[in-house]
**Q** 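The structure follows.
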Amino acid sequence: MLSAPRAARTPAAPVPKAPKALAALAALAALVSVAPVPAALADDVRDSQRQVLRTLGLPAAWRISEGEGVTVAVLDSGVDLSHRDLIGSVVEGRDFTVGANPSWVRPLRLHGTYMASLIAGHGHGPGGADGVIGVAPEARVLSVRVILEDEEPGFHEFNTAQRYENVVAKGIRYAVDHGADVINMSISKDLATRQERSAIRYAISKGVVLVAAAGNEGAVKPADGGHAPYSYPAAFPGVVSVAAADRGLRRASFSNRNPSVLVAAPGVDILGAGPGDEYWVGRGTSQATALVSGVAALIKSKYPKMSPGLVVQAITAGVTRRPDGGYDTGMGFGVVNAGRALAAAGRISGHTLTAKGAGGHDPARPLGPPAEPVRVVHRDRGRITLYGGVAVAAGLGAAASLAGIAVSVGRRRSSRALDGPVRDPVALPPRA
């Protein structure tokens with residue numbers, strides 16, 4: 001069976017409708033709930049976000065950047081463009097899952113809408129004070145459909161048909177070519193492909209920051225070495241692999257623990273938008289990934305020419321709750337903080353990864369003057385043997401002559417020593 005991409009999520013659980021629906025929603029340990037919150041309670045949605053907003057340091061960060069001018073590609077199940085908290089901010093891109101569902105089936109767009117709202121939700125109502133506010137509310141979203149929801153009828157076809165094996169690679173290239181500055185991948189695969197690795201290299205070469213979910217298999221029995229399985233594309237070099245933190249900012253029990261993890265973000269009881277002006281609550285490394293993609297968008301908005309490597313450096317430099325020793329495989333370098341990351345980005349924004357100016361060297365050019373062609377000297381082996389023999393013989397003759405001279409000199413010195421007077425080696429000469 002193919003390793004098809006899927007939403008990086010934990011099993012969903014229903015939420016009963018109630019007048020104070022959010023009180024019940026906050027206690028769930030599911031990725032996505034199925035109960036809408038009535039429009040009259042939309043302001044409660046914002047209230048429920050406040051802890052996450054504070055954890056990420058967003059009040060301070062928004063004084064510097066709100067993501068204006070940045071496009072975040074959301075490689076997911078599709079986004080509801082008409083949701084009141086996203087309307088006007090989403091561009092619908094290509095659907096790489098075409099043919100998996102029957103032609104008459106309308107995409108559900110559950111997971112993708114949820115992730116997009118955490119990245120770039122702008123709320124609604126007077127001053128946008130109601131509904132979901134994303135990390136980068138002024139950013140734009142490019143929706144690229146590369147997965148199906150579990151509930152869609154074509155899910156099995158999508159996960160087994162050969163033609164869908166490299167949809168993630170195709171989605172990455174499409175996003176880069178259509179102006180993405182950041183690519184969010186709240187998805188996971190068990191196996192990697194060469195095409196995906198190549199697409200990631202292409203994206204980084206174009207200055208695009210890639211962020212992906214570390215995976216939700218952390219609660220299962222660890223593999224050899226004590227680590228959870230690697231999840232792709234998160235485990236590819238150059239991709240920011242994000243773990244989920246619980247409400248106490250410790251590693252969430254389901255979050256994968258392995259050396260690919262770079263940073264962590266809140267991933268438990270996270271409120272977001274759902275299709276049809278609904279709101280959803282859940283947990284997973286998916287949500288944590290979307291939040292970190294929003295932070296990357298804030299940095300790229302303020303410093304648009306900053307390379308992916310320096311953006312990642314700023315994110316890791318600005319973390320809070322840094323583990324003992326500076327790093328561990330569960331939380332990476334710590335919990336992402338947008339305000340601190342922007343401050344770090346300001347300190348390193350003038351840096352480059354390639355030396356320039358006097359004394360610098362362009363790596364595309366060779367060091368020193370151009371090398372001259374190598375001359376091949378043809379040697380006469382016969383003459384080499386002859387001359388070598390003569391040299392050896394001459395050397396032996398010289399050694400014999402030196403030995404004879406040394407013996408003669410030694411005899412003369414011995415004869416003189418016996419004929420002369422014997423002196424006391426420590427006696428002093430008489431005084432005058």
Side-chain angles (χ1 to χ4, degrees), residues 32 36-37 39 42-43 45-46 49 52-53 56 58-59 61-95 107-147 171 174-187 208-211 265 270-280 286-287 289-302 304 338 342:
V32 179
V37 178
D43 56 339
V45 173
R46 185 66 57 85
Q49 288 189 277
V52 172
L53 302 182
L56 294 175
L58 287 172
W62 286 335
R63 291 195 289 268
I64 302 171
S65 171
E66 293 188 359
E68 183 178 2
V70 171
T71 296
V72 180
V74 177
L75 271 59
D76 214 289
S77 63
V79 178
D80 179 6
L81 282 65
S82 64
H83 194 287
R84 57 190 168 182
D85 294 343
L86 286 167
I87 192 166
S89 295
V90 183
V91 174
E92 187 168 16
R94 185 169 173 181
D95 182 355
L108 295 177
R109 299 188 175 98
L110 305 177
H111 193 264
T113 302
Y114 190 5
M115 298 305 113
S117 72
L118 298 178
I119 296 169
H122 50 59
H124 66 276
D130 296 334
V132 172
I133 187 76
V135 175
E138 294 295 324
R140 294 181 64 81
V141 169
L142 172 63
S143 173
V144 184
R145 186 164 148 92
V146 297
I147 62 171
Y174 176 89
V176 173
D177 293 341
H178 287 78
D181 302 289
V182 179
I183 297 178
N184 181 81
M185 296 177 286
S186 293
I187 55 179
V208 179
V209 180
L210 300 113
V211 188
I270 307 298
L271 256 289
D277 287 343
E278 295 179 352
Y279 297 96
W280 307 78
S286 283
Q287 291 89 327
T289 299
L291 296 174
V292 174
S293 288
V295 175
L298 296 180
I299 296 173
K300 289 291 283 186
S301 174
K302 179 65 176 178
L342 278 166

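The residues of the chain are indexed from 1 along the displayed sequence. All values reported here derive from a predicted model rather than from experimental measurement.
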**Q** Mind listing the closest non-hydrogen atom pair of Leu210 and Met185 along with its distance?
**A** CD2-CE, 3.8 Å
**Q** My understanding is that only residues two or more places apart in sequence, or in another chain, count here; which of them pass side chain to side chain contact (heavy atoms under 4.5 Å, CB included) with Ile87?
**A** His122
**Q** At their closest point, which heavy atom of Val144 faces which heavy atom of Gly171, and how far apart are they?
**A**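 Looking at all heavy atoms of both residues, the closest pair is CG1-CA, 4.1 Å.
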**Q** Would you name the heavy atoms of His124 and Tyr279 that are closest together and state the gap between them?
**A** CE1-OH, 3.3 Å
**Q** From Met115 CE over to Leu110 CG, what is the distance, rounded to the nearest 0.5 angstrom?
**A** 10.5 Å
**Q** How many angstroms lie between OH in Tyr114 and CD1 in Ile119, if you round to the nearest 0.5 Å?
**A** 12.5 Å
**Q** Mind listing the closest non-hydrogen atom pair of Ala116 and Val141 along with its distance?
**A** CB-CG1, 4.3 Å
**Q** Looking at every non-hydrogen atom in both residues, tell me the closest pair between Gly112 and Val74 and how far apart they are.
**A**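 Shortest heavy-atom separation between Gly112 and Val74 comes out as O-CG1, 4.2 Å.
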**Q** Output yes when a side-chain donor or acceptor of Arg46 lies under 3.5 Å from a complementary backbone atom of Gly128, and no otherwise.
**A** yes
**Q** Do the side chain of Trp62 and the main chain of Val135 share a donor and acceptor less than 3.5 angstrom apart?
**A**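 Yes; at least one donor-acceptor contact below 3.5 Å.
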**Q** With sequence neighbours left out, write down each residue that passes side chain to side chain contact (heavy atoms under 4.5 Å, CB included) with Ala180, or none if nothing qualifies.
**A** Ala73, Ala175, Ile183
**Q** How long is the gap from CD1 on Ile133 to CG on Leu58, to the nearest 0.5 Å?
**A**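 Result: 9.0 Å between the selected atoms.
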**Q** Quick one: list whatever passes side chain to side chain donor-acceptor pair (under 3.5 Å) with Glu92, sequence neighbours left out.
**A**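 By the side chain to side chain donor-acceptor pair (under 3.5 Å) rule, Glu92 matches Arg109.
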**Q** To the nearest 0.5 Å, how far apart are CG in Leu118 and CD in Gln49?
**A**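 Separation between the atoms: 7.5 Å.
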**Q** Kindly write out the residues that satisfy side chain to side chain donor-acceptor pair (under 3.5 Å) with Ser293, not counting sequence neighbours, or none if the list is empty.
**A** Asn184
**Q** Look up atom CD1 in Ile270 and atom OG in Ser286, then write down how far apart they are to the nearest 0.5 Å.
**A**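 Those atoms lie 11.5 Å apart.
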**Q** CG of Asp181 to OG of Ser301: how many Å apart, nearest 0.5 Å?
**A**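 The CG atom of Asp181 sits 9.0 Å away from the OG atom of Ser301.
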**Q** Could you tell me which residues satisfy side chain to side chain contact (heavy atoms under 4.5 Å, CB included) with Asp80, sequence neighbours excluded, listed by chain and number?
**A**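 Asp80 satisfies side chain to side chain contact (heavy atoms under 4.5 Å, CB included) with Ser82, His83, Thr113, Pro275 only.
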**Q** Using the test side chain to side chain donor-acceptor pair (under 3.5 Å), find all partners of Ser77 that sit at least two apart in sequence or belong to another chain.
**A** Glu149
**Q** In the structure I gave you, are the side-chain heavy atoms of Ser117 and Asp85 within less than 4.5 Å of one another anywhere?
**A**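 Result no, sub-4.5 Å side-chain heavy-atom pair not found.
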**Q** For Leu271 versus Val45, what's the shortest heavy-atom pair and its separation?
**A**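 The answer is CD1-CG1, 4.4 Å.
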**Q** Could you tell me which residues satisfy side chain to side chain contact (heavy atoms under 4.5 Å, CB included) with Ala296, sequence neighbours excluded, listed by chain and number?
**A**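 Partners of Ala296 under the side chain to side chain contact (heavy atoms under 4.5 Å, CB included) test: Val182, Val209, Val311, Ile315.
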**Q** Hey, mind stepping through Leu75 and Tyr174 against side chain to side chain contact (heavy atoms under 4.5 Å, CB included) and telling me if it holds?
**A** CA-CA 10 Å; Leu75 271 59; Tyr174 176 89; over 6 Å; no
